[in-house]
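Here's the structure we're looking at; comments come further down.
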Amino acid sequence: MLTKISLLIMRIGTGALLVVWGLVRVAGGMGEGLADKYYGGVGSQATLQLAYGYAEIALGLLVVLGLFRKYTLIGSALILVGGAFPIWRHFLDPFGQYLFANPDDANILFFPSITVAGAALALIALRSHDTLALDSLFGKKR
């Protein structure tokens with residue numbers, strides 16, 4: 001039972017993170033600045049940020065509910081693992097002592113991103129054990 005509950009918590013946490021980041025892009029208007037600051041400006045156009053934000057919200061909700069996991073968990077992992085790569089310096093030097101020209105540029109709040117990326121991958125690897133997901137529950141009724 002602990003495995004089922006743990007996977008449920010990981011799925012809710014990773015999905016909710018996607019929803020929150022989608023809301024930041026859609027309602028918070030911060031997507032462009034984040035893309036410029038941490039991702040080299042890739043995808044910083046306002047229209048692209050809105051589209052990406054809405055897609056993140058939809059994907060996050062599907063992950064939370066546990067629907068279409070064969071596809072949604074892969075999409076989630078692509079976003080969460082892919083988003084971790086550009087901020088690798090924050091994992092290796094969370095206090096900004098060695099890899100940053102200015103220690104104030106380091107952001108310790110990025111450090112948990114490595115755990116989130118691992119959780120996204122674990123959800124794919126352990127998908128068959130996530131029996132509290134809605135698509136798993138629907139599949140049992142057939």
Side-chain angles (χ1 to χ4, degrees), residues 1-140:
M1 188 61 155
L2 183 58
T3 301
K4 294 176 185 182
I5 293 170
S6 299
L7 290 170
L8 175 65
I9 291 169
M10 281 197 298
R11 192 165 35 78
I12 290 171
T14 56
L17 180 64
L18 291 172
V19 170
V20 167
W21 276 115
L23 289 171
V24 165
R25 294 175 196 287
V26 171
M30 295 170 39
E32 294 175 56
L34 292 172
D36 288 334
K37 185 172 182 179
Y38 297 108
Y39 300 103
V42 174
S44 66
Q45 298 82 6
T47 305
L48 188 58
Q49 285 295 315
L50 278 176
Y52 187 62
Y54 283 119
E56 264 186 318
I57 292 167
L59 178 63
L61 290 173
L62 290 171
V63 169
V64 167
L65 295 172
L67 292 171
F68 311 110
R69 288 177 302 139
K70 183 176 181 180
Y71 306 104
T72 57
L73 293 179
I74 292 170
S76 172
L78 287 172
I79 292 171
L80 296 172
V81 173
F85 279 118
I87 56 174
W88 62 271
R89 293 184 305 159
H90 298 274
F91 307 147
L92 297 179
D93 186 17
F95 299 108
Q97 300 300 305
Y98 308 103
L99 298 174
F100 293 90
N102 179 2
D104 292 335
D105 290 339
N107 189 340
I108 198 164
L109 295 177
F110 284 133
F111 192 77
S113 296
I114 197 165
T115 305
V116 172
L121 295 174
L123 284 168
I124 294 170
L126 301 170
R127 184 180 60 161
S128 63
H129 299 284
D130 186 8
T131 57
L132 298 178
L134 285 182
D135 64 1
S136 179
L137 295 171
F138 290 151
K140 287 182 181 179

Side chain Thr72, main chain Leu67, donor-acceptor under 3.5 Å: yes
Rounded distance (nearest 0.5 Å) linking atom CG of Leu62 with atom CZ of Arg11: 11.0 Å
Check whether more than 12 heavy atoms from other residues, nucleotides or ligands sit under 6.0 Å from atom CZ of Phe91, and answer yes or no. yes
I'd like to know if the side chain of Asp93 and the backbone of Tyr98 have a donor-acceptor N/O pair within less than 3.5 Å. yes
Approximate separation, where rounding is to 0.5 Å, of Ile12 CD1 and Leu65 CG: 9.0 Å
Side-chain contact, heavy-atom cut-off 4.5 Å: Asp130 with Ser136? no
Kindly indicate whether the side chain of Val19, heavy atoms from C-beta on, has any atom under 4.5 Å from the side chain of Val63. no
What closest approach, in Å, do Pro112 and Leu109 show between heavy atoms, and which atom pair accounts for it? CD-O, 3.2 Å
Please find the pair of heavy atoms, one from Ala77 and one from Ala120, that lie closest to each other, and give the distance. CA-CB, 3.8 Å
Write down the atom of Leu59, the atom of Ser76, and the distance for their closest heavy-atom approach. CD2-N, 3.7 Å
Between Phe100 and His90, what is the ring plane arrangement, given parallel below 30°, perpendicular above 60°, and tilted in between? tilted
What's the spacing between Arg127 CZ and Leu73 CG if we round to 0.5 Å? 7.0 Å
Would you give the length of the straight line joining atom CG of Leu123 to atom OG1 of Thr14, rounded to the nearest 0.5 angstrom? 5.0 Å
Pairwise side chain to side chain donor-acceptor pair (under 3.5 Å) hits with a residue in residues 112-125, at least two apart: none
Should Leu18 and Ile57 count as side-chain neighbours, where that means a heavy-atom distance under 4.5 Å? no
With rounding to the nearest 0.5 Å, note down the distance linking CG in Leu78 to CD1 in Ile124. 7.5 Å
Suppose the criterion is side chain to side chain donor-acceptor pair (under 3.5 Å): which pairs have a residue in residues 52-70, not counting sequence neighbours? Arg25-Glu56, Arg69-Asp135
Using 0.5 Å steps for rounding, measure from the CD1 atom of Ile9 to the CG atom of Leu132. 10.5 Å
